[in-house]
2 protein chains.
Amino acid sequence: MSTVVAAKHSDAASLVSNTIGEITRHIRTHELGPGDRLPSEAALSRQLSVSRTVVREAFSSLAAMRLIDLRAGRRATVAELDYGAMSLVIEHGVHTEQITVQQIYDVRRTIETRTAMLAALRRTADEVEGIRAHALAMRENFQRPEQVMEHDLAFHLEIAKAAKNPVFSLIVGAFERVSRQTWPIGWRSRPSDAEQLEMIQIHIELAEAIETGDPQSARDLMARHFDESVKALLAAGIA
Amino acid sequence: MSTVVAAKHSDAASLVSNTIGEITRHIRTHELGPGDRLPSEAALSRQLSVSRTVVREAFSSLAAMRLIDLRAGRRATVAELDYGAMSLVIEHGVHTEQITVQQIYDVRRTIETRTAMLAALRRTADEVEGIRAHALAMRENFQRPEQVMEHDLAFHLEIAKAAKNPVFSLIVGAFERVSRQTWPIGWRSRPSDAEQLEMIQIHIELAEAIETGDPQSARDLMARHFDESVKALLAAGIA
DNA sequence: CGGAAAAAGCTGCCATACAGGTTTTTCTTC
DNA sequence: GAAGAAAAACCTGTATGGCAGCTTTTTCCG
């Protein structure tokens with residue numbers, strides 16, 4: 001039974017792994033939240049009877065997964081939810097050819113048709129403002145692809161945020177790094193101004209649907225957006 | 001504009017971060033795939049003009065995100081896609097009360113109604129066998145909750161696999177650690193044998209729908225499964 | 001009492017050392 | 001010459017000690 005996507009059963013009795021476990025356990029048992037400070041490396045070193053080297057590697061690993069924040073001279077603190085690590089995992093999957101760009105679009109479509117719908121139901125006035133601002137900024141800067149891309153990414157993240165479920169934000173964010181690399185391909189496959197503006201127009205209408213509070217339209221527009229994007233990528237010869 | 005879920009703009013000019021970047025760049029530019037070997041710590045240390053300590057912490061971080069595999073005495077190798085790190089991130093979010101269990105169920109419902117549908121369309125004979133075996137094993141072992149849970153988890157992962165999109169597997173797997181902790185709560189909230197068997201029955205029917213190749217039924221059954229699960233959790237007083 | 005300066009504490013990084021696992025090379029024997 | 005065993009070379013895991021530079025706490029002066 002080859003599992004393709006697996007999780008190592010890490011009994012991994014290495015000191016570092018155990019130390020990571022102890023630290024996360026510490027967070028859990030002490031009910032620490034974002035911003036709360038962890039013991040110093042030296043303290044943990046004594047407490048767990050391992051060298052500071054081991055504690056440092058454990059901290060470093062936790063920081064890589066963005067579970068804690070590290071800053072020189074300061075104590076480590078519990079981190080806020082952050083999609084940085086997940087974004088690296090996805091990017092790694094694409095670069096090692098274990099994930100295709102099209103598979104990512106399939107997942108994004110599934111997720112984001114839902115966030116669009118929820119956003120239309122739950123958005124606050126502020127969020128509507130942000131979403132619309134990004135959509136309009138895409139149109140205004142449409143001769144500067146860099147800018148368009150940044151606003152596009154922010155647009156999708158803002159919708160996820162308006163859906164009021166941080167897990168959706170996490171997942172949408174997880175695709176950010178890859179999107180930065182594939183976005184220009186999609187853009188170039190829409191060579192005329194008309195085609196580019198048409199793509200941007202969908203974003204604007206989507207912003208309006210969310211503003212109006214029309215979940216069905218929001219959903220449909222997001223679906224259309226992804227259908228068009230996939231079409232564009234296929235036209236550009238992306239497998 | 002408070003972002004709630006963020007990604008640190010890691011210009012993070014720390015040596016370790018830079019080294020992590022260099023290593024992932026090495027993987028990318030040399031087009032390394034799973035199993036391929038990376039340079040030794042000493043070699044990278046010389047090549048990048050940093051101490052072995054720094055290289056080690058970078059390796060350790062990459063291993064934490066499951067981008068590479070480390071084993072004593074052996075060279076580091078590029079890892080296969082693995083949801084271990086993502087699962088820790090989600091678990092962290094729940095323990096620090098940045099994510100609620102119900103929010104996870106919302107996302108799982110969105111994702112897994114899709115995987116069920118796709119599985120019905122794309123499954124192989126082997127996968128059907130695996131999926132059904134897990135569903136039946138749930139019924140057979142239904143007096144041993146531990147066993148039921150394990151087969152339940154494997155059931156959902158196998159469906160994701162049958163959907164033939166590793167990103168779905170990654171996401172479904174990302175909820176594994178949390179599920180292991182919340183599953184018993186849902187189970188206990190179905191106190192009678194009849195209720196427990198009813199829940200298991202949905203799994204069996206779902207397996208059948210996937211076997212038959214009926215995407216609509218598969219989808220509906222998965223949706224019902226999650227609706228029931230949420231109801232059970234709410235009954236148990238989970239916010 | 002307020003604020004500046006000194007002290008203490010902490011992290012980032014480095015060099016070195018050695019135990020124990022793994023790979024490669026060498027040597028022996030058939 | 002080939003197969004297999006022994007040795008050498010290489011590699012990672014962990015520990016220790018040290019120092020620069022940043023932060024927090026304490027102390028002391030006005």
Side-chain angles (χ1 to χ4, degrees), chain A residues 8-24 26-27 30 32 34-80 82 84-85, chain B residues 8-24 26-27 30 32 34-79 82 84:
Chain A
K8 285 274 169 0
H9 287 299
S10 45
D11 308 329
S14 90
L15 289 190
V16 174
S17 316
N18 292 344
T19 304
I20 291 177
E22 288 299 323
I23 296 169
T24 57
H26 182 276
I27 294 175
H30 289 68
L32 300 186
D36 291 346
R37 298 200 311 178
L38 290 162
S40 73
E41 294 176 358
L44 278 170
S45 167
R46 277 193 305 276
Q47 196 175 316
L48 305 175
S49 304
V50 293
S51 70
R52 189 162 82 93
T53 310
V54 169
V55 176
R56 274 193 65 74
E57 283 193 23
F59 269 2
S60 195
S61 295
L62 289 168
M65 290 185 286
R66 315 292 180 104
L67 305 195
I68 65 175
D69 287 323
L70 296 179
R71 282 175 58 187
R74 285 188 179 164
R75 296 275 265 281
T77 56
V78 175
E80 279 183 15
D82 182 307
Chain B
K8 285 275 169 359
H9 286 300
S10 42
D11 309 330
S14 90
L15 289 190
V16 174
S17 316
N18 292 344
T19 304
I20 290 177
E22 288 298 324
I23 296 169
T24 57
H26 181 277
I27 294 174
H30 290 68
L32 300 186
D36 291 346
R37 299 200 311 177
L38 290 161
S40 73
E41 294 176 358
L44 279 170
S45 167
R46 277 193 305 276
Q47 196 175 316
L48 305 176
S49 304
V50 293
S51 71
R52 188 161 83 94
T53 309
V54 170
V55 176
R56 274 195 65 73
E57 281 192 24
F59 269 3
S60 197
S61 296
L62 289 167
M65 289 186 286
R66 314 293 179 106
L67 305 195
I68 65 174
D69 288 323
L70 296 179
R71 283 175 58 186
R74 286 188 178 164
R75 296 274 268 280
T77 56
V78 176
D82 183 305

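In what follows, every chain begins at residue 1, and chains take the letters A, B, ... in the order their sequences are listed. Because the structure is a prediction, the values reported are computed rather than measured.
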Once rounded to the nearest 0.5 Å, what's the spacing between atom [atom1] of [X] and atom [atom2] of [Y]?
X: B:Ser17; Y: B:Glu57; atom1: OG; atom2: CD; answer: 10.0 Å
X: B:Met65; Y: B:Thr24; atom1: CE; atom2: OG1; answer: 8.5 Å
X: B:Ile23; Y: B:Ile68; atom1: CD1; atom2: CD1; answer: 6.5 Å
X: A:Glu22; Y: A:Leu48; atom1: CD; atom2: CG; answer: 5.5 Å
X: A:Leu70; Y: B:Ser14; atom1: CG; atom2: OG; answer: 9.0 Å
X: A:Thr77; Y: A:Leu32; atom1: OG1; atom2: CG; answer: 10.5 Å

Does any residue of residues 40-56 of chain B have a heavy atom under 4.0 Å from DNA chain D, and if so, which ones, in number order? B:Ser40, B:Glu41, B:Arg52, B:Arg56
Round to the nearest Å and state the distance from [X] atom [atom1] to [N] atom [atom2].
X: B:Leu70; N: C:dT22; atom1: CG; atom2: P; value: 14 Å
X: A:Ile20; N: D:dG13; atom1: CD1; atom2: P; value: 12 Å
X: B:Leu15; N: C:dT11; atom1: CG; atom2: P; value: 18 Å
X: B:Arg71; N: C:dG21; atom1: CZ; atom2: C1'; value: 10 Å
X: B:Leu38; N: D:dT12; atom1: CG; atom2: P; value: 10 Å
X: B:Phe59; N: D:dT14; atom1: CZ; atom2: C1'; value: 17 Å

Phosphate OP1/OP2 of D:dC11: any B:Arg74 side-chain N/O under 4.0 Å: no
Taking five pairs at each end, how big is the angle between the two axes of the helix from C:dC1-D:dG30 to C:dC30-D:dG1, to 10°?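 Roughly 10°, once rounded to the nearest ten degrees.
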Of the options D:dT12, D:dA15, C:dC13, whose atoms approach the side-chain atoms of B:Ala72 most closely? D:dT12
From C-beta outward on B:Arg75, which listed nucleotide comes closest to its side chain: D:dG13, D:dT24, D:dC11?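 Of the candidates, D:dC11 comes closest.
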Decide whether B:Ser60 and A:Ser60 meet the rule of one side-chain donor and one side-chain acceptor closer than 3.5 Å.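 There is no such pair between these side chains.
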Can you name the salt bridge (Lys or Arg N to Asp or Glu O under 4.0 Å) partners of B:Arg46, sequence neighbours left out? none
Test side chain to side chain contact (heavy atoms under 4.5 Å, CB included) on A:Ile20 and A:Phe59 and set out the steps. CA-CA 7 Å; A:Ile20 291 177; A:Phe59 269 2; over 6 Å; no
